[in-house]
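Working notes for the structure below.
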There are 2 protein chains.
Amino acid sequence: MNRLPASSSLARHNAQPANCGTCPARAHCLPTGMNDSYCAAIDQLVERRVQLVRGEHLYQMNEPLSDHLYAIRSGQFKTYHLTPEGEQRVTGFHMSGEFLGLDAIGLHVHRGSAVALTNAEVCEFSYHRLADAAQRMEPLSQLFHNLLSKELARQQDTTLLLRNGHADQKFANFLLRMSRCYTGRGSAPNLFQLPMSRQEIGDFLGLTAATISRLICNFKGQGCIKAVRRNIIILDQAMLTRIATGTPHPAPALGAIAPASPVLQLA
Amino acid sequence: MNRLPASSSLARHNAQPANCGTCPARAHCLPTGMNDSYCAAIDQLVERRVQLVRGEHLYQMNEPLSDHLYAIRSGQFKTYHLTPEGEQRVTGFHMSGEFLGLDAIGLHVHRGSAVALTNAEVCEFSYHRLADAAQRMEPLSQLFHNLLSKELARQQDTTLLLRNGHADQKFANFLLRMSRCYTGRGSAPNLFQLPMSRQEIGDFLGLTAATISRLICNFKGQGCIKAVRRNIIILDQAMLTRIATGTPHPAPALGAIAPASPVLQLA
DNA sequence: CGGCAGATTGAGACTGCTCAACATGGGTGG
DNA sequence: CCACCCATGTTGAGCAGTCTCAATCTGCCG
């Protein structure tokens with residue numbers, strides 16, 4: 001039913017004269033903080049730009065890899081591993097400006113799969129050409145290290161986020177994180193459309209689709225979000241933050257620990 | 001009780017003429033696969049070697065960082081974050097050959113803390129000197145990228161390991177992972193001493209100390225490990241693997257799904 | 001010989017899962 | 001343009017695993 005409905009791999013259109021200078025993701029991508037001439041140099045390093053439709057794979061697990069790294073120019077991706085039993089384990093969701101394939105540097109096959117959750121465009125780099133260029137351009141070398149380090153930090157945060165706390169904390173964190181991702185990427189930070197299904201969110205958070213559904217209901221009932229299908233509006237970020245950190249009440253104020261205060265129960 | 005009993009930070013003995021060539025961790029560290037002359041070059045990059053006693057911190061969260069990376073020469077470390085509420089969140093356990101501080105490249109403060117779980121010795125690098133050297137020595141550049149990538153992959157695996165599955169699966173995985181870590185590092189792979197408390201294992205796996213204790217009991221009862229305090233002997237690695245993957249029985253063979261087969265219940 | 005942190009063990013509560021039925025809505029073909 | 005279909009999402013009831021909160025035990029250290 002689910003799993004790899006779309007065509008096998010890679011592909012599509014070598015595309016237009018798009019370049020880094022005009023890229024909407026520029027601020028989040030490799031050229032962060034570089035001047036235009038360096039930016040142009042990076043532009044030169046892009047082997048080609050690939051467009052994918054929703055559901056198409058950028059690469060798949062155990063596929064032999066040909067030295068490629070990908071920067072997401074637009075759209076969103078999901079990366080996942082397959083267990084020996086064939087279950088899908090979501091390792092992350094990725095937005096414009098992020099790199100894919102960094103975890104496979106030095107290996108000969110891909111460690112996981114990457115699939116487009118929306119129509120998307122990526123810039124394809126050759127790792128070796130990039131490394132060569134970095135050898136000659138110090139700032140690029142630095143930038144690349146920063147990129148790897150940042151990715152490492154992100155992955156660490158994910159681990160922390162997901163390991164600890166109850167379902168509501170995890171999911172509140174997830175929403176806040178998504179919101180932060182959308183900030184500065186065009187869309188408003190408190191109004192966005194999730195590109196993934198409840199099932200996928202559940203896989204990612206270590207919960208089930210049913211639980212995600214119920215949590216959305218609860219949050220709606222508490223008035224901190226509005227939600228219709230995959231469209232989310234964050235109404236009360238402070239409350240979400242409180243839920244995320246496990247602090248149930250804003251200002252306990254005077255009186256006891258509010259044993260049964262008027263917290264609306266359901267939708 | 002727990003939490004930062006020891007002295008504040010860093011420190012100690014500039015130490016002996018130890019070098020990479022004779023380092024027991026050489027095979028797992030930066031010089032992987034390099035010839036002796038390159039190895040000597042890396043040796044030159046080590047600013048100093050620092051010895052720490054059990055419980056001492058290598059660095060602490062939010063401490064301003066001075067461009068340092070550390071390679072573990074001997075001993076074991078725990079890295080953790082503190083939540084705003086002061087709770088400790090273990091991000092990982094680290095053995096000889098691994099690098100610490102990679103996640104802070106490009107930042108100005110440490111993202112987390114690193115504390116020695118045993119007496120330990122680390123090699124201190126200056127990131128900038130390392131990067132400079134990599135600029136001149138191509139193989140080193142490559143090696144450094146591989147190091148970062150490998151660390152990223154490790155962190156991903158951790159995420160996968162910990163998010164999915166039940167308590168027994170997580171813990172079985174944890175033991176197997178520890179066992180793998182000890183392989184090729186002197187100690188026998190199936191007989192080792194855990195450097196961390198039940199509480200710390202629990203923090204890491206997203207479980208409680210009580211649960212860890214019970215799991216050890218169960219595993220002992222099933223005959224796949226022996227355990228006295230922190231000393232572990234793995235008796236039946238295959239069974240542990242089965243538990244880890246969620247396959248309850250080795251060969252269901254003929255007959256039903258063995259509703260109440262003779263699986264000894266307790267220790 | 002205390003004192004104490006770490007480890008073990010027990011009883012009960014509660015969260016989140018399982019399994020299932022049902023609702024919804026977008027896409028397709030007639 | 002409508003009817004249908006299927007994937008996705010919602011909701012319910014019951015259950016199991018893990019947590020909580022303790023009491024108790026052990027070995028280590030001073």
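Protein chains get the first letters and strands the later ones, always in sequence-line order, with residue 1 at the start of each.
Heavy-atom nearest nucleotides on DNA chain D were determined for B/His166 and for A/Ala227, and the one closer to the 5' end corresponds to A/Ala227.
Of the candidate nucleotides D/dT20, C/dA7, D/dG9, D/dG9 has the atom nearest to the side chain of A/Ser213. Each of D/dC19, D/dG9, C/dG16 was ranked by its minimum atom distance to the side chain of B/Thr208; first place goes to D/dC19. Out of C/dA7, D/dG17, C/dG16, the shortest distance to the side chain of B/Ser197 is found at C/dA7.
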Pairs under 3.5 Å (N/O, protein and nucleotides 19-29 of chain C):
none

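Between the CZ atom of B/Phe219 and the C1' atom of C/dT8 there is a distance of 17 Å, given to the nearest Å. Rounded to a whole Å, the CG atom of A/Asn231 is 16 Å from the P atom of D/dT8. The nearest whole Å value for the distance from the CD1 atom in A/Ile201 to the C1' atom in C/dG16 is 17 Å. Remark: P of C/dA5 and CZ of B/Arg230 are 14 Å apart, rounded to the nearest angstrom. Between B/Asp168 atom CG and D/dC19 atom P the separation is 12 Å, expressed in whole Å. Taking atom CD1 of residue B/Ile216 and atom P of nucleotide C/dG6, one finds them 15 Å apart after rounding to whole Å. Atom CG in A/Leu215 sits roughly 13 Å away from atom C1' in C/dC17 (whole-Å rounding). The distance from atom CE of B/Met196 to atom C1' of C/dA5 is 18 Å, rounded to the nearest whole Å.
Here the CG atom belonging to B/Leu152 is positioned 10.0 Å from the CZ atom belonging to A/Arg154, to the nearest 0.5 angstrom. Distance OG1/B/Thr83 to CG/A/Leu160: 10.0 Å, rounded to 0.5 Å.
At a threshold of 4.0 angstrom between heavy atoms, the contacts of B/Ile212 with the nucleic acid are absent. Nucleic acid contact class of B/Gly206 (heavy atoms, under 4.0 Å, all strands): sugar-phosphate only. Looking at heavy-atom distances under 4.0 Å, A/Leu207 makes contact with sugar-phosphate atoms alone, never a base.
Counted by atom type alone, B/Gln199 and B/Asp203 present one or more donor-acceptor pairs between their side chains at under 3.5 Å.
The shortest non-hydrogen separation linking A/Leu100 to A/Thr79 is CD2-CG2, 3.9 Å. The two atoms that bring A/Thr158 and B/Thr159 nearest to each other are CG2-CG2, 4.3 Å, heavy atoms only.
A/Leu82 is listed as a side-chain neighbour of A/Gln88, based on a closest heavy-atom distance under 4.5 Å.
Within a 6.0 Å sphere centred on CD of A/Gln237, heavy atoms belonging to other residues, nucleotides or ligands number 12 at most.
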